[in-house]
Structure formats: structure tokens, C-alpha cells
2 protein chains.
Amino acid sequence: MREIRYREIAADLKGRVDAGEFAAGGLLPSEADLTRTYGASRVTIRRALESLREAGLVDSRQGFGWFVAVDRVRQNLAQLSTIERELAERGVTAERQILDFGFVTANARVREVLGVEQVLRVRRLNLAGGVPFARVTVWCPADLGASLSRADVAAHPFYELLPVTIGGATQTIAAALAEPADAKLLEVPIGSPVLRCERVTRDVDGNPVLLSVHVFPAHLTEFVVDLPSPTGLSLVE
Amino acid sequence: MREIRYREIAADLKGRVDAGEFAAGGLLPSEADLTRTYGASRVTIRRALESLREAGLVDSRQGFGWFVAVDRVRQNLAQLSTIERELAERGVTAERQILDFGFVTANARVREVLGVEQVLRVRRLNLAGGVPFARVTVWCPADLGASLSRADVAAHPFYELLPVTIGGATQTIAAALAEPADAKLLEVPIGSPVLRCERVTRDVDGNPVLLSVHVFPAHLTEFVVDLPSPTGLSLVE
DNA sequence: CAGTGGTCTAGACCACTGG
DNA sequence: CAGTGGTCTAGACCACTGG
């Protein structure tokens with residue numbers, strides 16, 4: 001594998017930021033300084049910095065400099081980046097803690113969506129760097145879940161484990177207040193704001209194969225949607 | 001406003017792609033051709049192409065070329081629907097009640113986004129069938145808003161009134177609790193959950209022309225996002 | 001093989017920030 | 001004002017695709 005210089009520089013800078021070499025909101029060395037430090041051209045330095053900006057780690061202002069971003073976790077829907085990947089780019093380890101794993105009778109909503117009576121239900125907590133950032137419940141038809149182990153669902157994204165090809169998903173995003181159980185798991189006060197997402201995942205033939213509900217504490221999470229065409233702008237107007 | 005060459009080129013190429021000059025999946029001219037066509041350096045041409053790749057319009061393969069992206073994922077992703085659109089489809093009348101209309105000095109966030117000191121600020125309440133469902137504040141540069149009247153912004157979506165062509169927008173979606181003033185306007189209890197969206201709307205050259213904040217009561221609103229591609233499914237896993 | 005995109009250099013001019 | 005990032009040029013070498 002050829003070494004890509006701007007990626008090496010980006011990785012090194014990320015390490016320095018994560019190590020706390022620069023304060024949150026603090027300035028990085030100037031591009032000119034970095035050029036000398038890394039022995040690379042300014043274009044290459046900027047390319048590294050832009051990739052870190054893309055990851056939400058740093059930002060810049062013309063005439064001022066590059067500084068450590070003090071952003072929230074952003075889930076950029078349109079760019080299809082995963083929250084875990086963004087976290088990984090910041091050097092934060094993602095972890096799934098399984099709270100509950102078992103076959104149950106579907107409730108009304110699950111039956112309505114998946115069209116079966118018996119389902120595998122998995123409840124879990126997603127953590128990033130040891131901090132809980134999502135409480136998730138996933139349901140899938142019992143026959144599809146028959147071959148899955150508790151260790152499987154802890155180690156892999158659910159949809160990667162299913163013996164079907166995923167064709168798409170529909171996700172709703174709503175606001176709610178933290179219920180006592182979720183508040184405790186997510187380490188936030190009861191009644192604090194949360195984002196609540198419900199997702200229906202389908203196979204390539206359009207059959208629903210997963211239903212999941214995700215609860216995020218509001219102070220850690222926001223969704224980002226890019227609307228590249230004017231038609232998208234009718235959104236809220 | 002200075003003309004940014006790579007944005008001009010990107011806008012022109014986007015127009016040619018949208019006009020069907022290149023078949024879906026078809027090759028674009030080579031970078032070398034484009035440098036001659038546009039009289040720009042290869043770096044600038046690539047920057048324009050990269051921005052179109054970012055938008056999901058084109059893609060490339062080394063040694064092969066740039067081609068029109070078959071999987072227009074991002075465009076599909078932008079198909080967000082809202083309660084208002086659904087209401088509109090049911091024949092419920094939408095109404096804008098202007099709370100405040102005036103030219104003010106930009107606050108820090110507005111200045112950061114729009115890059116100007118003087119702005120037109122419009123606060124309004126959106127109603128559907130007489131029920132308030134959104135409290136909205138819109139800022140736009142004073143020169144762009146100079147020709148707008150209070151009646152204009154009550155009668156039309158803001159972006160339709162601007163003397164610029166809209167190129168896209170980026171919207172963040174977050175959860176919060178209703179503040180007293182918003183609670184009263186939206187007829188919900190103080191501290192009840194709300195969705196809070198901030199949107200930056202840009203012209204075709206990528207210049208920000210509108211900043212807006214939208215507050216929706218959670219019980220009336222949810223966002224729906226379709227994720228047609230399997231890659232999109234890694235979103236929260 | 002000729003042609004393509006991916007990476008990189010060493011310059012340049014400019015707008016902008018802060019003092 | 002000196003220093004900063006934003007944009008742009010005209011080169012270069014390389015890995016890769018297809019014929």
C-alpha cells in the first residue's frame with residue numbers, strides 16, 4: 001500500500017488533537033508552520049486539514065487560523081457517513097453493550113411492520129469512548145434471527161448479520177423526553193430532550209426485515225441533512 | 001462578491017449533467033479536456049469535480065475517468081417530507097403569521113453564516129388549518145431583503161422571493177425543550193419536547209443567502225428520511 | 001501502449017483577522 | 001501592519017484502466 005502523505009499528516013494531526021496538544025477551540029499551528037513541520041507542500045497540508053474539517057475535528061476562519069472544533073456529533077445523512085465512522089475518525093472507540101437478547105411475541109407496531117408474530121428482540125446501549133450515546137431496540141422476524149448469537153449482535157451491525165441483501169430503509173426523526181429507564185441508561189436527567197428515530201429496513205424486494213428504535217440524548221446528537229436541489233427546499237416552507 | 005472559479009465550473013458542469021449532455025453512467029470529458037474547455041488549471045477543475053462528487057452527481061475511477069453517478073443517492077436522500085406537506089396534500093391550508101419584520105444588526109451566528117452586518121430578520125408562525133406547528137426565524141442579507149415587504153414574506157416561501165437562484169441547503173435537526181415564548185406561540189407546555197432545525201440556504205455558487213431556525217412541537221412533527229442504498233444503513237449501527 | 005485520474009510540489013495573489 | 005487562510009497556476013510522477 002502506497003503511503004498517502006496527506007492521510008499520514010491528517011492521522012498525525014488527529015492524534016495530536018486527541019492527545020490534547022491543542023485546547024478545544026484552540027488554534028493549530030499555521031499552514032506555513034505545518035508545511036515546515038511535515039516537510040510537505042501547502043496544498044498537501046491543506047488537504048489533510050480539509051479531511052479533518054470534513055470529520056468535524058477542526059475548522060478554520062480566513063485570516064484567523066485553524067482551530068479545534070467544539071462541535072457536537074453530527075450524523076450527516078446525505079453523505080452516508082456513519083456515526084461510528086465519524087467517531088472512529090476522532091479516535092473514539094464505539095462499543096455495543098447488549099442489554100437484552102431474546103425471542104418474544106411481537107407487539108402491535110412490530111407486527112404491523114414486520115408482519116410476523118414471533119420476533120428476535122435485541123435491546124442495546126451504544127457507547128462512544130465509554131459514553132452512552134444511543135439506546136437501541138431492534139426487532140427482526142424469528143426465522144431471520146434464528147442463527148444469530150448475542151455475541152454476534154454485540155460485535156457487528158445488525159443488518160450485516162442477516163442472510164438477506166439490504167435494499168433500503170426509511171427513518172423517522174422525532175423529538176421526545178427521556179423516559180426514566182432511558183434517562184438512566186443514557187446518563188441524562190429524566191425529561192431531558194432526546195431524538196427518537198424509528199427505522200424500517202427492507203430487503204431488495206422491499207420486504208421489511210428489521211424494525212428499530214433509536215433514542216439519542218439531544219445534547220450529544222444532531223442530524224445533518226444536505227438538500228442539494230431546490231426541490232428539497234419545500235421542506236418546511 | 002468575488003467569483004470563485006471552481007464553483008462556476010461546478011455549476012456549469014452540473015447544468016450540463018442535468019441537461020442530459022452526458023448519459024447516466026456516461027463519461028465526462030477528461031480532466032485535461034476540461035482544463036482546456038474552461039481555461040483553468042487541473043487543480044481547479046478537480047476541485048469543481050470533487051464538489052460534484054460530494055453532491056453525488058458524478059464519480060470517478062482512476063485510469064478510467066469521471067462519469068455521471070448512476071446512484072444519485074444524495075438526491076434521493078433529500079426527499080424529506082414533513083407534516084406540513086402531508087397536510088397540504090390533504091387540502092389543509094397553510095398560513096404564515098408574521099410576528100416581526102425588520103432590519104437589524106446580525107448576531108454572531110448570523111454574521112458567521114451570512115458574512116454581513118445588516119440583515120433582514122423575519123419571525124413568523126406557521127399554521128396548518130389554524131393550528132400553529134412551527135415558529136420560524138429567517139435572516140437574510142439586508143441587500144437581498146431590501147425589496148421584500150411584510151406582505152411578500154407572509155404570502156410566499158422566503159427562498160422564492162430572493163433575486164438569486166437557490167442551489168441547495170444544509171439542515172441540522174436537533175431536539176430541545178420549548179422555551180416560554182415558543183411554548184406560548186406553539187400552544188404547548190413550557191419544557192415540552194421540540195424539534196429545532198437550523199438551515200443554511202445557498203445560491204448556486206455556494207454563497208449562503210438565508211439562515212433560518214425552525215422550532216416544531218414534537219407531537220405534531222417528525223421527519224422522514226429514505227435511505228435507498230445499503231451503505232446508508234450503517235447510519236446508526 | 002496511450003490516456004486516465006490520484007497525488008504532490010513550489011510558487012503566486014488575494015481577502016481577511018487582529019493588533 | 002504582518003500574518004493568516006482561500007484560491008489558483010503550471011508543472012511533475014505515479015497507479016491504474018482498457019485495448
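Quick note on labels: first sequence line is chain A, next is B, and so on, each numbered from 1.
Listed by residue number, the members of residues 41-48 of chain B with any heavy atom below 4.0 angstrom from DNA chain C are R42(B), R46(B).
Applying the side chain to side chain donor-acceptor pair (under 3.5 Å) criterion to R47(A), with sequence neighbours excluded, gives no partner residue. Applying the side chain to side chain donor-acceptor pair (under 3.5 Å) criterion to E50(B), with sequence neighbours excluded, gives R46(B), R53(B). With sequence neighbours excluded, no residue forms a side chain to side chain donor-acceptor pair (under 3.5 Å) with S147(A). Partners of A10(A) according to the side chain to side chain contact (heavy atoms under 4.5 Å, CB included) rule, which considers only residues two or more places apart in sequence or in another chain, are A48(A), S51(A), L52(A). Under the salt bridge (Lys or Arg N to Asp or Glu O under 4.0 Å) criterion, D203(B) pairs with no residue at all, not counting sequence neighbours. Every residue meeting the side chain to side chain donor-acceptor pair (under 3.5 Å) condition with Q118(B), not counting sequence neighbours, appears here in chain and number order: T105(B).
For the pair I4(B) CD1 and dG6(D) C1', the interatomic distance rounds to 7 Å; values are reported in whole Å. Across the protein-nucleic acid pair, F67(A) atom CZ and dC16(C) atom C1' stand 14 Å apart, rounded to whole Å. Atom CZ in R36(A) sits roughly 11 Å away from atom C1' in dG3(D) (whole-Å rounding). Following rounding to the nearest Å, R5(B) (CZ) and dA12(C) (C1') show an atom-to-atom distance of 18 Å. Rounding to whole angstrom units, CD of residue E50(B) and P of dT7(D) are separated by 15 Å. To the nearest angstrom, P of dA12(C) lies 17 Å from CD of E31(A). Atom CZ of R61(B) and atom C1' of dG3(C) are 14 Å apart (whole Å). Between the CZ atom of F64(B) and the P atom of dG6(C) there is a distance of 12 Å, given to the nearest Å.
Applying the 4.0 Å criterion to OP1 and OP2 of dG6(C), one finds that R53(B) has a side-chain N or O inside that range. Contact annotation: S30(A) does not reach the phosphate of dG3(D) (side-chain N/O to OP1 or OP2, under 4.0 Å). Taking only side-chain nitrogens and oxygens, Y6(A) never comes nearer than 4.0 Å to OP1 or OP2 of dC8(C).
Taking the six-membered ring where tryptophan is involved, the planes of H214(B) and F216(B) are essentially parallel, since the angle between them stays under 30° and well short of 60°.
Annotation: side chain of D18(A) is in contact with side chain of L57(A) (closest heavy-atom distance under 4.5 Å).
The nucleotide whose nearest atom lies closest to any side-chain atom of W66(B) is, among dC16(C), dT7(D), dG5(C), dG5(C).
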For residues 37-45 of chain A, dump all side-chain donor-acceptor pairs below 3.5 Å to protein atoms at least two apart in sequence or in another chain.
from, atom 1, to, atom 2, distance (Å)
T37(A), OG1, D33(A), O, 2.9
Y38(A), OH, D12(A), OD2, 2.4
Y38(A), OH, R16(A), NH1, 3.1
S41(A), OG, T44(A), N, 3.4
S41(A), OG, T44(A), OG1, 3.3
R42(A), NE, E31(A), OE1, 2.6
R42(A), NH2, E31(A), OE1, 3.0

Original post:
For DNA chain D, what dot-bracket results from Watson-Crick or G-U pairs at under 3.5 Å, with [ ] for crossers and | for inter-strand partners?
Top reply: |.||||||||||||||.|.

